[in-house]
**Q** 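The structure follows.
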Amino acid sequence: MNTKSDLFSWSRWNLLVSKHWVENRKRYGLSLLSIAGLLLLWFCFLLIMDKISSLNIIYQYMTYVSGLYITGTLYASTLFAELGSKRDGIGFLSLPASQLEKLLCALLFGILLFFLAYTVIFYAVDIPLVRLGNRFIASVPRNWPNTSIRVPPNHIYNAFTGDFGPLVERQLHLFLFGFFTVQSAFLLGSIYFPRYSFIKVVVVLVTVFLILLVIQNNIIHQLLPAGWSNDWTAWYTRETDGDADKVVILPGGGERVVIFLAQWAPPVLLSLVTWFRLKEKQV
Amino acid sequence: MVTIQDLHFSYGRRQVFSGLNLELKPGVIYGLLGRNGTGKSTLLRNIGGFLFPRQGSITALGLTPGKRQPSFLERVYLLPEDFQLPSIGLQQWNTHLAPFYSLFDQNRFDRYIREFDVPPTARLTEMSYGQQKKVLISFALATNAPLLLLDEPTNGLDIVSKSQFRKVIAGAIDENRSILISTHQVKDIEQLIDRIMIIDEGRIVFDQDLETIASKLLFKFSFDPEEAAQALYREASLKGNALILRNTEHEDSRPDLEMLYKAITLDPKTFNAIFRR
């Protein structure tokens, strides 16, 4: 008998990752090729349809984020799908690796590697096509409609800094961090719901979001003193100081902590719940 | 090796076990017999740690199966009746799975694969159900797991393979290993098992080794109506009445497990009373 830890063994985890890759690489390769094909098709469509700025930053941003979320969640909802049937579930659970190792393997492929692979594929399609679009712009200079302002060449959208993207992405990386939370939720959902897990998790997430919206707008707002407004991360009011208005924010420096936790805590908490759920799963 | 005490288990409101007790010892091949839906597979999955008791306890190899620790999983191998293998080659599958089992014997695996006549270069998903099953049986035995739980292992095997199965299982048992075979195809394992356990309505209604059965019961064919009248159980056949009688004269006979199974499920009390003496 070996002397490896029953909780986590690096060598066993490597074996698990290697096994997962060997058994799924063909499917993964084909899926990534399909994603690349769809992105190429979509960008070509945009190049043909938008005669002015072709692949501008908003198109790139929207494509990156929606593609990441749609394909990522579809993939995450299949990662523990084998636990939905007795036939496949026994094979998965009987493999001599700890539940933590199995979870970390799923997180590696479902969150980290998928994110990296998708991003690489996105840029493999995005960069050449944005350059192609810029050539069109350079070869046939044009103005914005009803103005004399020249349409500039497009920048490449930077998913990590959010440069040139919408404000929420530049300041908070809302959708970038949100992806890890949503992906963790779909991973958990693939254990919780043996059937139709994708649809069920979508319903749960939308419901949770609506409940938070109601709490935010109808409950917390009512509790605040007159003149105070509330944001998702802080409460604020405007005070007049002489001639100038100043904004007072509570909890002040704590807002950074709240934002940090909102960005990092949900995936960790959801993964923890997934681990417990995996341990108590029966097939 | 395995101790089950007061096991209660249910699927929702459907009670499967209510107070089941069982002990498995090393060096023994057990045959677990029972009708469809009586809980044979459920019992195996409880021992394997895939289902958790509602009440009572299970200890296997000194560990609690439900914790599914790797050190437990590599020493208990459950061959399920229904399974799914990945779409990769046999050798590749073996290369990536075998290292999880520290006692795995590669030579033994290769030998079983040859004995079962499984094409070694084929993709697993291109194999027939029977061939896939033979791959899993070979793998299960090569893991050298001290506890093997085989759920309907002969389902899908052809006549020759069933014979090979009996041969390899008989050769694989030793004093450190226990094999529990759940089946409703009694004839397939009749010459293989050391001990028979019959499960009915969530309880083990009969649990005896074949030697004791042969010493207490006599299995014979007879045209004698008087003998038939004394039988504990009888079935009409072309060779006369197939009978189960009390073995008062200590005669030799080979237990017919199928007949014994039918007899016990009809009247477990009578048979258990004989074995209690």
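Note that the structure is predicted; figures quoted are calculated from it, not measured. Per chain, numbering begins at 1; letters A, B, ... match sequence-line order.
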**Q** B:Q92 versus chain A, heavy atoms under 4.5 Å apart: side chain, backbone, both or neither?
**A**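 For B:Q92, the contact with chain A is made by the side chain alone.
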**Q** From A:I90 CD1 over to B:D151 CG, what is the distance, rounded to the nearest 0.5 angstrom?
**A**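 With rounding to 0.5 Å, CD1 (A:I90) is 7.5 Å from CG (B:D151).
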**Q** For A:E82, is it the side chain, the backbone, both or neither that has a heavy atom under 4.5 Å from a heavy atom of chain B?
**A**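 It is neither, since no heavy atom gets under 4.5 Å.
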**Q** Flag yes if more than 12 heavy atoms outside A:N14 fall under 6.0 Å of its CG atom; otherwise flag no.
**A**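 Yes, enclosed.
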**Q** For the CD atom of B:Q69 and the OG atom of A:S5, what is their distance to the nearest 0.5 Å?
**A**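 If I round to the nearest 0.5 Å, the distance is 10.0 Å.
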**Q** Evaluate the criterion side-chain contact (heavy atoms from CB on, under 4.5 Å) for residue pair A:L95 and B:F100; output intermediate values, then yes/no.
**A** CA-CA 8 Å; A:L95 186 72; B:F100 286 95; 4.0 Å; yes
**Q** Could you name the residues of residues 267-283 of chain A that have a heavy atom within less than 4.5 Å of a heavy atom in chain B?
**A**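 The list, in residue order, reads A:L278, A:K279, A:E280, A:K281, A:Q282, A:V283.
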**Q** Does CZ in B:R54 sit with more than 12 non-hydrogen atoms of other residues, nucleotides or ligands closer than 6.0 Å?
**A**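 More than 12 within 6.0 Å, yes.
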**Q** Please classify the contact of B:P86 with chain A as side chain, backbone, both or neither, using a heavy-atom distance under 4.5 Å.
**A**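 Side chain of B:P86 only, per the 4.5 Å heavy-atom cut-off to chain A.
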**Q** Strictly less than 4.5 Å between heavy atoms, which residues of residues 16-29 of chain A line up against chain B? Please order them by number.
**A**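 When heavy atoms of chain B are the reference, residues 16-29 of chain A contributes A:L16, A:S18, A:K19, A:V22, A:E23, A:R25 within the under-4.5 Å range.
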**Q** Around atom CD of A:Q263, are there more than 12 heavy atoms from other residues, nucleotides or ligands closer than 6.0 Å?
**A**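 Counting other residues, nucleotides and ligands, CD of A:Q263 exceeds 12 neighbours.
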**Q** With only heavy atoms counted, which part of B:Y101 is less than 4.5 Å from chain A, the side chain, the backbone, both or neither?
**A**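 Just the side chain, heavy atoms under 4.5 Å.
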**Q** Measuring from atom CG of A:L93 to atom CG of B:L73, what distance do you get when rounded to the nearest 0.5 angstrom?
**A**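 Between A:L93 CG and B:L73 CG, I get 8.5 Å after rounding to 0.5 Å.
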**Q** Taking side chain as everything from C-beta outward and backbone as N, CA, C, O, which of these in B:R68 sits under 4.5 Å from a heavy atom of chain A? Side chain, backbone, both or neither.
**A**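 Both backbone and side chain of B:R68 come within 4.5 Å of chain A.
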**Q** Using only atom types and a distance under 3.5 Å, with no angle test, would you say the side chain of A:D6 pairs donor to acceptor with the backbone of B:S71?
**A**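 Yes, because the side chain of A:D6 sits within donor-acceptor range (under 3.5 Å) of the backbone of B:S71.
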**Q** Taking every non-hydrogen pair under 4.5 Å, which of A:K86, A:Q99, A:E101 racks up the most with chain B?
**A**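 Max contact count across the listed options: A:K86.
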**Q** Tell me, for B:L51 versus chain A, whether the close heavy atoms (under 4.5 Å) come from the side chain, the backbone, both or neither.
**A**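 Interface part for B:L51: both.
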**Q** Can you tell me if CH2 on A:W13 sees more than 12 non-hydrogen neighbours from other groups inside 6.0 Å?
**A**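 For A:W13, atom CH2 is crowded (more than 12 foreign heavy atoms under 6.0 Å).
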**Q** Applying a heavy-atom distance below 4.5 Å, give me the residues of residues 106-122 of chain A that approach chain B, sorted by number.
**A**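 The residues closer than 4.5 Å to chain B amount to none at all.
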**Q** What part of B:P99 is in contact with chain A, defined as an atom under 4.5 angstrom from a non-hydrogen atom: side chain, backbone, both or neither?
**A**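 Both backbone and side chain.
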**Q** Taking everything shown except A:F260 itself, do over 12 heavy atoms lie less than 6.0 Å from its CZ?
**A**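 Not buried by this count: 12 neighbours or fewer within 6.0 Å.
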**Q** Is the number of heavy atoms from other residues, nucleotides or ligands under 6.0 Å of B:K67 NZ greater than 12?
**A**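 Atom NZ in B:K67 is not packed in, count stays at 12 or less.
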**Q** With a sphere of 6.0 Å drawn around OH of B:Y129, does it hold more than 12 non-hydrogen atoms of other residues, nucleotides or ligands?
**A**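 Atom OH in B:Y129 is crowded, with more than 12 foreign heavy atoms closer than 6.0 Å.
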**Q** Specify the closest pair of heavy atoms between A:S98 and B:P70, including all atoms of both residues, with the distance to one decimal.
**A**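 Shortest heavy-atom contact: N-CG, 3.4 Å.
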**Q** Applying a criterion of heavy atom separation less than 4.5 Å, what residues of residues 209-216 of chain A form contacts with chain B?
**A**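 Not one residue of residues 209-216 of chain A has a heavy atom under 4.5 Å from chain B.
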